[in-house]
Amino acid sequence: MEKYFDVSYIWSALPDLLPYLWVTLYIAAFSVIGGSLLGFVLAAAKLSNNKLLRALANGYTTIIRCTPSIVLLFLVYYGIPAFSEGLFGIYLQNVSTGVFVVVTFSLQFAAMMSEVIRSSYLAIDRGQFEAAVSVGLTPFQAYRRIIFPQALVVALPNFGNGLISVLQEGALAYTIGFIDVVGKANLIIANNYGTHTLEIYLALAVIYWVISISIEKSFSLLEKAFTKGKQPIKTT
């Protein structure tokens, strides 16, 4: 008679899941890179004196935040090829599914990063920039040596949380047929005709726990390393 729950199956499932972990990490990495670049652009628009740019950037952030991740994934996956073919005659049905996954979570991460960058920049006393320029630094040097290092420390915790969020949200990619570590788990369950489902999902949870905790601890150590022995510049 088959056991209701077999804890040993959790560990036996890991060797089948781990080879697909790199796919999940690759999706997260490229989403973070693309989202960070777009986030910088959006943050610059939000901090600009141009009302139209501010309105567009804030509107983008609001829309993305109000759109569930799975809905955004479907909109990108089905919408981009449809509009591309209908408006420009460009056929994108053969494009790898992973591309649409990266685009989706880059757009989502960008909305979050734009606020992280904006708030981190505003957290630094403007007087520090003025003091740096007054002692002979160029504006670029002032930003690179004074503003950016301090803003980076402020942004690190939220950036780490965003990275974990992208990693977890990426689990939705299996809904459009993308085979990452979650997709592989579902394939194993299907091949087992639904048996040992709990054990396989627990093995999957263990993988995400280890990665998420590792990221959290790494960013905590980075924050401590960057803040050790450093004091903000006094402007008075």
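Side chains included, hydrogens not; waters and symmetry mates left out as well; all remaining heavy atoms used. In what follows, residues are counted from 1 in the order of the sequence shown.
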Residue pair Ser114 / Leu42: nearest heavy atoms and the distance that separates them: CB-CB, 3.5 Å

Are any of the side-chain heavy atoms of Trp22 and Val181 separated by less than 4.5 Å? no

Would you call Leu92 and Val99 a side-chain contact if the rule is heavy atoms closer than 4.5 Å? no

Grouping I, L, V, M, F, W and Y whenever their side-chain heavy atoms are under 4.5 Å apart, do Leu37 and Leu53 come out in a common cluster? no

Can you check whether Glu216's main-chain N or O pairs, donor with acceptor, with Ser220's side chain at less than 3.5 Å? no

Please find the pair of heavy atoms, one from Ala111 and one from Thr61, that lie closest to each other, and give the distance. O-CG2, 3.9 Å

Going by atom type alone, with no hydrogens or angles, which donor-acceptor pairs under 3.5 Å involve a side-chain atom of residues 69-82 and a protein atom two or more places apart or on another chain?
{"unit_1": "Ser69", "atom_1": "OG", "unit_2": "Gln108", "atom_2": "NE2", "d": "2.6"}
{"unit_1": "Ser69", "atom_1": "OG", "unit_2": "Glu169", "atom_2": "OE1", "d": "2.8"}

Tyr9 and Val7: CA distance, side-chain angles, deciding distance, side-chain contact (heavy atoms from CB on, under 4.5 Å) verdict: CA-CA 5 Å; Tyr9 201 88; Val7 68; over 6 Å; no

Between CG on residue Leu202 and CD1 on residue Ile10, distance to nearest 0.5 Å: 4.5 Å

For Ala123 against Val154, the heavy-atom pair lying closest together: CB-CG1, 4.3 Å

Arg65 versus Glu115: any side-chain heavy-atom pair under 4.5 Å? yes

Is there a donor-acceptor pair closer than 3.5 Å between any side-chain N or O of Ser120 and the backbone N or O of Val116? yes

Could you tell me whether the side chain of Leu21 reaches within less than 4.5 Å of the side chain of Ile211, counting heavy atoms only? yes

Could you measure the distance from the CG atom of Leu156 to the CG atom of Leu222? Nearest 0.5 Å is fine. 6.0 Å

Are Tyr201 and Leu204 close enough, and set up right, to give a side-chain contact (heavy atoms from CB on, under 4.5 Å), and what steps lead you there? CA-CA 5 Å; Tyr201 278 128; Leu204 191 61; 4.0 Å; yes

Has Arg54 got a side-chain atom pairing as donor or acceptor with Ser48's backbone, closer than 3.5 angstrom? yes

Hey, are the side chains of Ile64 and Phe109 touching, using non-hydrogen atoms and a 4.5 Å cut-off? no

For the backbone of Gln128 and the side chain of Asp125, can you confirm whether one donor and one acceptor N or O come within less than 3.5 Å of each other? no

Hey, any chance Phe100 and Phe83 share a hydrophobic cluster, counting ILVMFWY side chains that come within less than 4.5 Å of each other, even indirectly? yes

Side chain proximity check, Tyr208 to Val182, heavy atoms < 4.5 angstrom: yes

Restricting to non-hydrogen atoms, name the atom on Asp180 and the atom on Ala171 that form the minimum distance, rounded to 0.1 Å. OD2-CA, 4.5 Å

Nearest 0.5 Å, please: how far is CD in Gln150 from CG in Leu152? 11.0 Å

Yes or no on side-chain contact (heavy atoms from CB on, under 4.5 Å) for Leu17 and Ile188, after CA distance, side-chain angles and deciding distance? CA-CA 9 Å; Leu17 295 174; Ile188 294 174; 3.9 Å; yes

Could you state whether Val41 and Leu47 fall into the same hydrophobic cluster, counting links through intermediate Ile, Leu, Val, Met, Phe, Trp or Tyr residues with side-chain heavy atoms under 4.5 angstrom apart? no

Nearest heavy-atom contact between Ser31 and Phe105 is OG-CB, 3.5 Å

Go through it in stages, so that I can follow the logic: the residues are Asn94 and Tyr91, the test is side-chain contact (heavy atoms from CB on, under 4.5 Å), and I'd like the CA-CA distance, side-chain angles, deciding distance and then a yes or no. CA-CA 8 Å; Asn94 293 329; Tyr91 186 76; 3.7 Å; yes

Spacing of NZ belonging to Lys184 relative to CG belonging to Asn191, to within rounding of 0.5 Å: 7.0 Å

Evaluate the side-chain proximity of Leu25 to Leu167: yes if any heavy-atom separation is below 4.5 Å, no if none is. yes

Applying the 4.5 Å side-chain criterion to the ILVMFWY set and letting contacts propagate, would Leu18 and Tyr174 be lumped into a single cluster? yes

Suppose we call two aromatic rings close when their centres sit under 6.0 Å apart. Are Tyr26 and Phe30 close by that rule? yes

Flag the pair Pro157 / Phe219 as yes when at least one side-chain heavy-atom distance between them is below 4.5 Å, and no otherwise. no

Does Leu198 belong to the same Ile/Leu/Val/Met/Phe/Trp/Tyr cluster as Ile207, with side-chain heavy atoms less than 4.5 Å apart forming each link? yes

Distance check, rounded to the nearest 0.5 Å: Leu56 atom CG versus Lys46 atom NZ? 11.5 Å

Side chain of Ser212, backbone of Trp209: donor and acceptor closer than 3.5 Å? no

Hey, what do you get for CD1 (Ile215) to CG (Leu163), rounding to the nearest 0.5 Å? 4.0 Å

Give the minimum heavy-atom separation between Ile200 and Ala13, together with the two atoms involved. CG1-CB, 4.5 Å

